[in-house]
Undergrad: 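The structure under discussion is supplied below as structure tokens; questions concerning it will follow.
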Protein chains: 2
Amino acid sequence: METKNTYSFSKKKEVAKEKLGIDMETNTDNQKVRMTKKLEKMFGHIDYKHPPELCPVRDVMSVASDQWSVLIILWLGYFPVLRFNKLKKFVYGISNKVLSQRLKVLEADGYISRKAYAEVPIRVEYSLTEFGQNYVEKLLELTEWMHLNSPKVIANRSKYGSFGDL
Amino acid sequence: METKNTYSFSKKKEVAKEKLGIDMETNTDNQKVRMTKKLEKMFGHIDYKHPPELCPVRDVMSVASDQWSVLIILWLGYFPVLRFNKLKKFVYGISNKVLSQRLKVLEADGYISRKAYAEVPIRVEYSLTEFGQNYVEKLLELTEWMHLNSPKVIANRSKYGSFGDL
DNA sequence: CCGCATCCTCTCGGATACTG
DNA sequence: CAGTATCCGAGAGGATGCGG
């Protein structure tokens, strides 16, 4: 998977130039070049004409960057372990159904672990796995940025006028 | 906004202990403590019982972490400037309607800029703003992680069984 | 207490056709 | 070319009630 690269950067540049009339060489800024390298790593190996279902990154991200999933993971990063109803309290506004769905998917994808204790009434504890801890760190970098910049965005938005929501 | 903190960490611990039966002091690991600090910065100032609509971070993130928005921003990070139909080709699978919606919102939120040239036929060029460049860097860190780890997730998923999608 | 099953609503988003 | 307008279907997600 690492070695196979059916769609190299030079090939991409070709396509960009010939089929789309875009000259990649206009990328001069260092920062942009670094960014392009990273993007190349992610997009370079795929043909942009292939069905998006074949892109595992899209797939995985759609779970991990889901609004509810993010909140669940963040709160589980905050508290070491949480039970279903506690979690529901923190992830304010989530319904039983959605919470339970997300928890199942997040468990399946390896972010969280679920421990059920055979008591009466039953007790279930959710916590982050090693992998989930790993992810929450990445996520925090993003949410930190969001926390920092959301005022700007809100300001922009109202300056721009009242357009659609999402 | 920075100084106002109606819901301090110690208060949070109180609530956690008294109302939810969670002892925050079980956080021993250094990494977890750092994480908790960050989370505190984001969640500490809000009462988790307040309506989620009041949380600007949720709001801003729902736009910025939207699947289509992410792809648009990434491709605009790859190519310095793209026109509507080029963009549509790269963000494979997106419809006119959604692309146009997302572009409008992303412009309103300050990530991208739109330049229309009064030619016939009309030409419109989209590119990242300074702010958008800023964001795409953050985003790339996350997508890099995704690119790196999606195989693990897929593996986990199939190991776990065939459960729901998303 | 956990969370599934059901029902029902309602928004998102795809397809197509049309205009400046 | 760059969108808008309209229609329509799928499915996400909320509320409730029940079972383990």
Side-chain angles (χ1 to χ4, degrees), chain A residues 19-22 51-53 58-59 62-63 65-72 75-76 81-108 112-127 161 163-166, chain B residues 19-22 51-53 58-59 62-63 65-72 75-76 81-108 112-127 161 163-166:
Chain A
K19 298 195 181 175
L20 298 167
I22 293 166
E53 301 83 70
R58 273 204 202 189
D59 184 7
S62 72
V63 171
S65 76
D66 167 79
Q67 180 197 176
W68 294 123
S69 301
V70 165
L71 289 171
I72 292 169
W75 283 114
L76 282 175
V81 54
L82 283 172
R83 301 174 57 176
F84 191 88
N85 281 311
K86 311 275 165 90
L87 208 37
K88 193 180 166 186
K89 273 177 196 143
F90 284 114
V91 185
Y92 196 82
I94 199 170
S95 66
N96 276 5
K97 186 183 175 184
V98 174
L99 179 53
S100 131
Q101 269 181 1
R102 294 296 189 280
L103 287 172
K104 222 185 295 181
V105 174
L106 288 175
E107 191 194 359
I112 67 178
S113 77
R114 184 198 127 110
K115 270 194 194 106
Y117 298 87
E119 308 170 350
V120 261
I122 195 173
R123 188 185 58 178
V124 181
E125 291 184 346
Y126 293 95
S127 57
F163 276 92
D165 325 47
L166 178 73
Chain B
K19 297 197 182 174
L20 297 166
I22 293 167
E53 302 84 69
R58 273 204 201 188
D59 184 8
S62 73
V63 171
S65 77
D66 166 79
Q67 180 197 175
W68 294 122
S69 302
V70 166
L71 289 171
I72 292 170
W75 283 113
L76 282 176
V81 53
L82 282 172
R83 300 172 58 176
F84 191 87
N85 282 311
K86 310 276 164 92
L87 208 37
K88 192 179 167 187
K89 273 178 195 141
F90 284 113
V91 185
Y92 195 82
I94 199 171
S95 67
N96 275 3
K97 186 183 176 183
V98 174
L99 178 53
S100 141
Q101 271 181 1
R102 294 296 190 279
L103 286 173
K104 224 182 295 181
V105 175
L106 288 175
E107 192 194 357
I112 68 178
S113 77
R114 184 198 125 110
K115 271 194 192 107
Y117 298 87
E119 308 171 350
V120 261
I122 195 174
R123 189 186 56 179
V124 180
E125 291 184 345
Y126 291 96
S127 57
F163 275 92
D165 324 46
L166 180 72

Undergrad: Using a 4.5 Å cut-off on heavy atoms from C-beta on, say whether the side chain of A:L82 contacts that of A:W75.
TA: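 Yes; the side chains approach each other to less than 4.5 Å.
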Undergrad: Which one, C:dC2, D:dA2, C:dG13, comes nearest to the side chain of B:R102?
TA: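 The nucleotide sitting nearest to the side chain is C:dG13.
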Undergrad: Does any part of the side chain of B:I94, heavy atoms only, come nearer than 4.5 Å to the side chain of B:K88, both counted from C-beta?
TA: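 With C-beta onward as the side chain, the pair touches.
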Undergrad: Measure CD/A:Q67 against C1'/C:dC12 and give the value in whole Å, please.
TA: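 Distance check: A:Q67 CD to C:dC12 C1' gives 14 Å.
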Undergrad: Answer with yes or no whether the side chains of B:S65 and A:S65 bring together a donor and an acceptor at under 3.5 Å.
TA: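 There is no such pair between these side chains.
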Undergrad: Check this one for me: any side-chain N or O of B:N85 less than 4.0 Å away from OP1 or OP2 of D:dA2?
TA: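 Yes, such a contact exists.
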Undergrad: Round to a whole Å and report the spacing from OH of B:Y117 to P of D:dA2.
TA: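 Nearest whole value for this atom pair: 12 Å.
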Undergrad: Can you tell me the distance, in whole Å, between the CZ atom of B:F84 and the P atom of C:dT19?
TA: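 Value for this atom pair: 18 Å.
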Undergrad: Given C:dC1, is OP1 or OP2 found less than 4.0 Å from the side-chain N or O atoms of A:R83?
TA: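 No, A:R83 has no side-chain N/O under 4.0 Å of OP1/OP2 on C:dC1.
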Undergrad: Determine whether B:R83 and B:Y126 make a side-chain contact, defined as any pair of heavy atoms from C-beta on separated by less than 4.5 Å.
TA: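 In short, these two side chains do not touch, never coming nearer than 4.5 Å.
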Undergrad: Of the non-hydrogen atoms in B:D66 and B:R102, which two are nearest, and what is the gap between them?
TA: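 So the minimum-distance heavy-atom pair works out to OD2-NE, 2.7 Å.
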Undergrad: With a 4.0 Å cutoff (strictly under), does any side-chain N or O of B:S100 reach OP1 or OP2 of D:dT4?
TA: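 Affirmative; the distance criterion is met.
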Undergrad: Hey, what do you get for CD1 (B:I72) to CD (B:Q67), rounding to the nearest 0.5 Å?
TA: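 Between B:I72 CD1 and B:Q67 CD, I get 10.5 Å after rounding to 0.5 Å.
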Undergrad: Scan B:L76, B:V98, B:L71 and name whichever one has a side-chain contact (heavy atoms from CB on, under 4.5 Å) with B:V91.
TA: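 Of all the options given, the one that passes is B:L71.
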Undergrad: Quickly work out the A:L103 CG to C:dC2 C1' distance and round it to whole Å.
TA: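 One finds 11 Å between C1' of C:dC2 and CG of A:L103, rounded.
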Undergrad: Given atom NZ of B:K115 and atom C1' of D:dC1, what is their separation to the nearest angstrom?
TA: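 It is 19 Å, rounded to the nearest whole Å.
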Undergrad: Using a cut-off of less than 4.0 Å, is there contact between a side-chain N or O of A:Y126 and OP1 or OP2 of C:dC1?
TA: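 Negative; the distance criterion is not met.
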Undergrad: Could you state the atom-to-atom distance from NZ of A:K86 to C1' of C:dC2 in whole Å?
TA: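 Result: 13 Å.
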Undergrad: Using the criterion of both pairing distances under 3.5 Å for Watson-Crick and G-U wobble pairs, give all stems of 3 or more consecutive pairs involving DNA chain C.
TA: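 For DNA chain C the paired stretches long enough to count as stems (3 pairs minimum) are C:1-11 with D:10-20, C:13-20 with D:1-8.
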Undergrad: Take the protein atom CD of B:Q101 and the nucleotide atom P of C:dG14, then report the distance between them rounded to whole Å.
TA: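 Distance, rounded to whole Å: 10 Å.
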Undergrad: In whole Å, I'd like the distance from the NZ atom of B:K104 to the C1' atom of D:dG3.
TA: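 Result: 9 Å.
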Undergrad: Any protein N or O atoms within reach of nucleotides 14-20 of chain D? Criterion: under 3.5 Å, listing atom names and distances.
TA:
{"unit_1": "D:dG14", "atom_1": "OP2", "unit_2": "A:S95", "atom_2": "OG", "d": "3.1"}
{"unit_1": "D:dG14", "atom_1": "O6", "unit_2": "A:K97", "atom_2": "NZ", "d": "2.8"}

Undergrad: Looking only at atom C1', what distance separates D:dA10 and C:dA17, rounded to whole Å?
TA: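 Result for the C1' pair: 22 Å, nearest Å.
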Undergrad: With a 4.5 Å heavy-atom cut-off, do A:W68 and A:L99 have their side chains touching?
TA: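 They are not in side-chain contact.
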Undergrad: Are A:N96 and A:F84 packed together at the side-chain level, in the sense that at least one heavy-atom pair is separated by less than 4.5 angstrom?
TA: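 Yes. Closest side-chain heavy atoms under 4.5 Å.
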